[in-house]
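Each remark here refers to the structure printed beneath this line.
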Amino acid sequence: MMLLPNGNPVKYQQWRNELQQELDNILKWWIINMVDNEEGGFYGRIDGEGRLHDMADKGIVLNTRILWAFSEAGILTGNNSYKAIADRAFDYMLNFFWDKTYGGMYWSLDYKGQPLDTHKQVYAQAFAIYAFSAYYSLSKKQEALDRAFEIFVLIENKSFDKVKGGYLTAFAQDWSGNGKIRLSEKDASEAKIMNTHLHILEAYTSLYKASRRIAVKERLAYLLQLFLEKFFQQKTGSLQIYFDENWQPSGNAISFGHDVEASWLLWEAAEILENRDLVKKTKDVCLHLAQSVYENGLDVDGAVFNEKHGDGQYDTNKDWWPQAEAVVGFWNAAQISKNDMYTEASEACWHFIKHKLLDKNKGEWYWGVDREGRPDLKNDKAGPWKSCYHNSRMCLEMIRRLPE
């Protein structure tokens with residue numbers, strides 16, 4: 001669906017050109033700085049000061065996101081250098097991250113590629129589906145689609161709560177137990193996490209696009225309904241982040257980045273399902289999420305705050321990924337509502353990114369900035385939780401959406 005902006009078309013063409021250049025800048029940085037020619041695959045970390053840690057552990061989230069980004073960029077641009085990196089990422093994941101005994105992906109390897117943390121985090125399995133589906137669309141390698149579907153079956157058989165619904169968070173290597181393993185140091189150790197469900201939904205959307213399998217379509221529809229009925233909170237216009245096994249909510253923090261990200265990922269899922277009733281319900285929720293972030297999560301400079309804590313206090317830092325998601329989320333809201341305030345919000349957030357988050361000297365994006373605009377150099381430039389996913393996806397989505 002293409003928004004026909006009221007503004008000068010030349011302005012949007014210029015923005016599109018900027019995004020194409022930024023996509024190229026991001027991916028070139030990863031090719032130059034992160035390819036590990038000594039031990040294979042990709043390095044595990046470059047810190048916020050730009051120092052390479054060539055013996056850092058290699059995380060599955062980092063690697064799946066590299067595969068996804070270069071696959072999608074290869075599809076959009078036809079650039080063979082992007083495909084070569086996607087080929088490298090796919091081969092490394094199958095040879096080193098894939099658990100040949102129990103199936104699924106290890107959480108991390110040491111720098112030489114030996115399994116380090118072998119537990120099965122469902123969030124990571126979802127990203128593998130996302131990446132393999134994109135790579136299949138680029139390469140047409142049947143093995144990529146087969147592995148994506150194999151993980152889909154594992155998630156449905158091992159993670160899906162057949163009694164109370166939803167998906168459990170983490171398991172041991174052999175897929176036993178329901179796992180009290182936190183997704184990250186910032187997350188609560190809860191059985192059912194919104195973020196995990198969001199990325200399963202994202203993965204199933206991608207897998208259904210690639211395969212058109214009815215089983216995937218059915219589970220995607222289930223997940224979308226789960227967001228509309230369980231995670232979305234009408235009163236706050238936001239998503240409940242944590243639940244226990246029995247769907248009892250835990251905490252009341254609001255993650256503005258996740259809300260604005262969900263506002264367009266849910267819409268993408270609804271559109272591909274082509275269910276008129278579900279599309280209508282989802283549209284209302286997506287716009288409510290975008291409006292809530294617009295009203296409660298934006299600073300005067302157009303950037304999105306990280307979070308509103310349960311006590312009502314704000315985390316006023318502006319990390320890289322909520323800004324990237326806000327550009328797409330607000331533009332998507334403009335497309336489905338025809339409300340220009342969202343168009344302007346999307347543009348303002350891109351303006352903030354250009355002037356505050358891009359590292360003009362060393363390349364890529366800072367982890368974030370504080371409210372005074374000072375860059376965060378303590379957190380990674382690239383690492384287990386920072387890859388070329390949110391920022392390249394923003395570029396890819398907006399290049400596709402902006403008028404030519």
Side-chain angles (χ1 to χ4, degrees), residues 27 30 34 40-42 58-76 82-109 113 115 118 120-160 167 171 173 175 196-220 223 265 268-269 272 384 387-390 392-393 396-397:
L27 297 183
W30 282 79
M34 290 297 286
F42 305 89
K58 297 179 175 182
I60 186 59
V61 175
L62 176 73
N63 280 265
T64 52
R65 289 174 170 183
I66 290 171
L67 176 56
W68 181 87
F70 280 92
S71 295
E72 288 290 343
I75 293 166
L76 181 72
Y82 296 161
K83 184 180 183 300
I85 295 296
D87 291 338
R88 179 188 186 89
F90 179 70
D91 292 343
Y92 191 84
M93 283 174 61
L94 286 195
N95 289 328
F96 294 93
F97 277 103
W98 182 263
D99 185 338
K100 297 173 179 63
T101 304
Y102 298 105
M105 315 302 289
Y106 298 133
W107 182 250
S108 68
L109 314 172
T118 60
K120 301 296 165 54
Q121 183 68 249
V122 174
Y123 177 96
Q125 311 309 315
F127 266 103
I129 292 175
Y130 196 46
F132 288 158
S133 299
Y135 182 66
Y136 169 75
S137 297
L138 172 69
S139 68
K140 303 306 177 188
K141 288 184 182 177
Q142 187 61 39
E143 186 176 16
L145 193 60
D146 291 345
R147 292 302 175 102
F149 195 73
E150 189 173 339
I151 299 173
F152 166 80
V153 172
L154 279 168
I155 290 175
E156 291 302 319
N157 288 342
K158 303 296 186 180
S159 172
F160 178 61
Y167 293 84
F171 300 84
Q173 180 183 352
W175 292 94
T196 297
H197 285 74
L198 182 62
H199 292 295
I200 299 173
L201 176 135
E202 167 190 73
Y204 285 10
T205 300
S206 185
L207 181 56
Y208 180 59
K209 281 182 183 176
S211 70
R212 295 291 166 171
R213 294 197 185 190
I214 296 301
V216 180
K217 182 179 184 181
E218 290 173 350
R219 300 315 293 162
L220 177 59
L223 269 161
L265 288 177
E268 181 183 45
I272 198 172
S387 185
C388 47
Y389 156 68
H390 288 287
S392 71
R393 186 169 71 172
L396 290 160
E397 282 293 325

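As the structure is a prediction and not an experimental result, all values here were calculated from the model.
Aromatic ring centres of F132 and F90: separated by under 6.0 Å. Between F152 and F149, the distance separating the two ring centers is shorter than 6.0 angstrom.
Panel note: side chain K120, backbone Q173; a donor-acceptor pair is recorded below 3.5 Å. Without hydrogens or angle criteria, W175 side chain to G103 main chain gives a donor-acceptor distance under 3.5 Å. A donor-acceptor pair under 3.5 Å links the side-chain atoms of S137 to the main chain of S133, judged by distance alone. A donor-acceptor pair is defined here as one N or O able to donate and one able to accept, closer than 3.5 Å; no such pair exists between the side chain of H197 and the backbone of L223. At distances below 3.5 Å, not a single donor-acceptor pair connects side-chain atoms of S159 with backbone N or O atoms of E156.
Two residues are said to be in side-chain contact when any heavy atoms from C-beta on lie closer than 4.5 Å; K209 and E268 meet this criterion. Under the 4.5 Å side-chain criterion, counting only non-hydrogen atoms from C-beta, T64 is not in contact with Y389. Residues L109 and N63 fail the side-chain proximity criterion, which asks for heavy atoms closer than 4.5 Å. Side-chain contact between Y136 and S71 is absent, with no heavy atoms from C-beta onward closer than 4.5 Å. In this structure, the side chains of V122 and I200 come closer than 4.5 Å at one or more pairs of heavy atoms. You'll find the side chain of W68 reaches within 4.5 Å of the side chain of E72, heavy atoms only. Residues K58 and F96 form no side-chain contact, since every pair of their non-hydrogen atoms from C-beta on lies 4.5 Å or further apart. With contacts defined as side-chain heavy-atom distances shorter than 4.5 Å, the pair L67/M93 qualifies.
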Would you please test R212 and I272 for side chain to side chain contact (heavy atoms under 4.5 Å, CB included) and show each step?
CA-CA 10 Å; R212 295 291 166 171; I272 198 172; 4.0 Å; yes
Verify side chain to side chain contact (heavy atoms under 4.5 Å, CB included) between Q125 and L154, making sure each step is shown before the conclusion.
CA-CA 9 Å; Q125 311 309 315; L154 279 168; 5.8 Å; no
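The structure places CG of L201 at 11.5 Å from OG of S206, a figure rounded to the nearest 0.5 Å. Taking OG1 of T205 as the start and CD of E202 as the end, the distance is 8.0 Å to the nearest 0.5 Å. Here the straight-line distance linking atom OH of Y82 with atom CZ of F70 works out to 7.5 Å at 0.5 Å rounding. One distance of note links CG of L27 with CD1 of I66; it measures 10.5 Å at 0.5 Å rounding. Separating the CH2 atom in W30 from the CZ atom in R65 is a distance of 10.0 Å, to the nearest 0.5 Å. With rounding to the nearest 0.5 angstrom, the CG atom of L145 is 6.0 Å from the CZ atom of R213.
Nearest approach of K83 to L138, heavy atoms of both residues: CG-CD2, 3.9 Å. Closest heavy-atom contact between M105 and A128: CG-CB, 3.7 Å. A pairwise comparison of heavy atoms in L94 and K100 identifies O-NZ, 3.6 Å as the closest pair. Pairing each heavy atom of Y204 with each of I129, the nearest pair is CE1-CD1, 4.0 Å.
At least one test fails for K158 against the ring of F160: distance under 6.0 Å to the centre or angle within 45° of the axis.
Classified by interplanar angle (parallel below 30°, tilted 30° to 60°, perpendicular above 60°), the ring pair Y130/F127 is perpendicular.
Under the salt bridge (charged side-chain N to carboxylate O under 4.0 Å, His left out) criterion, E397 pairs with R400, R401, sequence neighbours left out.
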